[in-house]
Amino acid sequence: MARLNDTVEAALIEYADLLSILTNDPYKPRSYEKAARAVGGYPGDLGTMDLKEVLKIPSVGKSIGEKIDEFVRTGSFEALEELRAQIPPGVREMIGIPGLGPKKAIVLYRELGIADVEQLGQAVEQGRLAELKGFGAKTQENIRRGIERMNQSTGRVLVSMAMDLADYFLERLGGRKDVRRMEYAGSLRRMAETIGDLDLLVASDDPIGVIDAFTSDGMTDRVLAKGDTKSSILTRKGLQVDLRVVPLEAWGAAMIYFTGSKPHNIRIREMAVRKGLKLNEYGLYRAKSGKLIVAETEEEVYEKLSLPWIPPTLREDRGEVEAALEGTLPDVLTRKQLRGDLHTHTDLTDGLASLEQMLATASGLGYAYYAVTDHAPNLFMQRMTDEKMLAQREQLRKLQSSYPRMTLLHGTELNIDAEGNVDWDAGFLDGFDVCVASVHSLFNQSKDEMTRRIVRAMENPHVHVIGHPTGRIINKRQPVDLDLEEVFKAAARTGTALEVNGYPDRLDLRDEHILWARRHGVRFAVDTDSHATTHLEHMRYGVGNAQRGWLTQDDVINAWPLSKLRTFLRKGG
DNA sequence: GCCGTTTTCGGCCCGACTGTTTTCAGTCG
């Protein structure tokens with residue numbers, strides 16, 4: 001399922017890691033990292049490109065271009081194999097230990113022959129690191145704890161969990177007298193699909209007081225770092241939280257800096273340098289005189305770099321800086337533009353809330369329309385029957401009068417079977433306003449079978465939306481094996497929308513797939529797949545993911561007025 | 001290794017925190 005571009009990206013990153021261990025030149029590894037990102041984010045498929053085309057990828061020059069070419073032809077490149085022969089894979093894993101970088105790793109390997117994390121752990125217990133220059137008692141203790149952390153780390157957490165933790169700290173610290181402003185930043189503000197650590201920004205004239213309160217909070221398990229302007233803690237839930245305190249006058253520059261992404265920041269800092277300016281978290285300055293130009297708002301800083309304000313969800317160095325310069329930045333979808341949810345459940349199947357409760361909550365969100373899409377009979381455990389479905393439709397029609405401003409749509413979530421058929425015949429399907437169809441079984445079919453299956457479902461004139469198209473569950477289940485190129489072409493050809501499922505552990509399609517599908521002219525439905533009233537709020541994550549895929553109102557069928565949506569649901573028929 | 005409105009060489013984003021080599025390198029974001 002991984003694109004060749006992703007495989008090449010991983011190989012270039014591995015090469016960069018090995019270089020950073022073996023050389024003292026910091027720039028060479030950085031060149032490979034930069035090229036790796038460029039390749040991973042490049043729309044063209046490396047497998048279909050010749051060397052001349054490869055060299056057109058930004059940050060890819062002759063040397064890297066030839067290595068990529070070699071990799072595409074042979075599955076590796078010689079220079080990578082040479083470095084692999086010098087550095088055992090375990091040494092590269094060692095630089096994943098927090099606080100241990102390439103320079104310390106190579107010393108441990110060369111001086112003590114330590115070749116993996118396990119051997120390092122043993123050496124620490126035996127106190128063998130003390131004989132090395134530059135490894136004092138504290139460093140040894142930090143490595144011991146770093147290994148501990150790496151072993152028990154939960155890895156990246158769901159965006160919803162990080163959001164809850166952000167809300168907790170905003171409530172605990174945001175109301176303090178010495179806190180003039182507080183917001184979350186980092187990957188959470190960019191709405192990345194998983195969060196590695198939570199970044200919080202505070203404006204205050206008394207940083208020490210705020211940081212003391214932060215590090216002594218009941219949620220804090222261990223203080224990782226504590227200075228005059230920043231501090232990092234490990235929470236009891238295992239997630240790292242970084243707090244940065246700046247003066248209110250520097251808020252905008254600090255938000256840009258702390259929101260990232262890192263590659264985005266590097267891009268705009270390079271732009272600043274070319275203009276004879278310097279950008280850091282305190283503001284935009286003239287490089288020579290050091291005179292402050294702007295700092296208070298993000299808009300001002302971007303403006304002085306000749307850029308419009310760029311939404312945080314786009315700040316991934318995926319072409320947003322170029323688009324901003326050309327004035328072609330997308331007008332990304334907003335929560336407010338969404339007029340309805342097209343994938344929701346009730347307690348008629350596996351939902352937790354009644355139809356009435358779901359409708360009441362949805363109405364409070366200001367939707368113009370709302371679809372109930374309970375499971376269909378072939379998902380046998382849900383015990384759906386024709387009679388139950390028709391009774392629900394009847395109930396929905398009666399409830400319509402209670403919601404004069406919200407049109408109630410009756411739908412269902414169909415099951416795509418092994419061959420691509422769905423639950424009911426055309427006659428029964430005609431009775432629904434909207435049909436989502438999803439894969440709920442046989443996740444292990446071959447790529448060809450799975451692709452044919454989904455394409456066949458899309459060719460069904462009654463199927464309007466493919467639900468959670470890749471079926472992945474973050475940290476739990478791998479995506480199904482699909483020829484996405486074929487699926488996206490078929491979705492565009494048949495006029496079937498692909499879902500951007502906002503449920504936090506699904507987020508399916510994911511951002512890169514959305515970008516890819518969008519280039520084929522595919523339409524999307526941003527839905528919550530709610531099984532409880534509280535889930536309806538997950539639309540924020542669907543919108544975040546849609547923005548990360550550069551979607552606008554035009555791309556998203558449930559951001560359209562009802563009449564236009566109804567035309568789409570006729571599927572050209 | 002890449003790149004160019006300081007263009008084929010000489011730069012490459014910038015600052016905070018930590019520990020230790022007490023003046024700075026390593027690591028991180």
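All values below come from the heavy atoms of this structure, side chains included, with hydrogens, waters and symmetry mates left out. In the text below, chain A, chain B and the rest are named by the order of the sequence lines, each starting its count at 1.
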S.K.: May I ask you to say what Pro29(A) touches in the nucleic acid, namely base, sugar-phosphate or nothing, with a heavy-atom cut-off under 4.0 Å?
M.R.: nothing
S.K.: 5' to 3' on DNA chain B, which nucleotides open and close the contacts with chain A (atom under 4.0 Å from a heavy atom)?
M.R.: dG1(B) to dG29(B)
S.K.: In terms of relative ring orientation, are Tyr541(A) and His538(A) parallel, tilted or perpendicular, with 30° and 60° separating the classes?
M.R.: tilted
S.K.: Taking dG10(B) as the reference, what is the distance to dG15(B) when you measure between their C1' atoms (whole Å, please)?
M.R.: 24 Å
S.K.: Considering every strand and a 4.0 Å limit on heavy-atom distances, what is the contact class for Phe258(A): base, sugar-phosphate, or nothing?
M.R.: nothing
S.K.: I want to check something: taking the side chain as every heavy atom from C-beta on, are Pro330(A) and Leu314(A) in contact at a cut-off of under 4.5 Å?
M.R.: yes
S.K.: Looking across every strand, which nucleic acid part, if any, lies under 4.0 Å from Lys62(A) by heavy atom: base, sugar-phosphate, or nothing?
M.R.: sugar-phosphate
S.K.: Should the ring pair Trp516(A) and Phe488(A) be called parallel, tilted or perpendicular, given that the plane angle runs from 0 to 90° and is split at 30 and 60?
M.R.: perpendicular
S.K.: Applying a 4.0 Å non-hydrogen cut-off, can you work out what Arg267(A) is touching in the nucleic acid: base, sugar-phosphate, or nothing?
M.R.: nothing
S.K.: Heavy atoms only, 4.0 Å cut-off, all strands: where does Lys138(A) land among base, sugar-phosphate and nothing?
M.R.: sugar-phosphate
S.K.: Just do the salt bridge (charged side-chain N to carboxylate O under 4.0 Å, His left out) check on Glu141(A) and Arg144(A) with the steps written out, would you?
M.R.: CA-CA 5 Å; Glu141(A) 175 60 11; Arg144(A) 194 187 64 75; 2.9 Å; yes
S.K.: Got more than 12 heavy atoms from elsewhere within 6.0 Å of CD, Glu171(A)?
M.R.: no
S.K.: Considering every strand shown, what is the Watson-Crick or G-U wobble mate of dG29(B) when both distances are under 3.5 Å?
M.R.: dC14(B)
S.K.: Decide if atom CD of Gln126(A) counts as having more than 12 heavy atoms of other residues, nucleotides or ligands within a radius under 6.0 Å.
M.R.: yes
S.K.: Mind checking Ile266(A) for me? I need base, sugar-phosphate or nothing, with any heavy atom below 4.0 Å counting as a touch.
M.R.: base
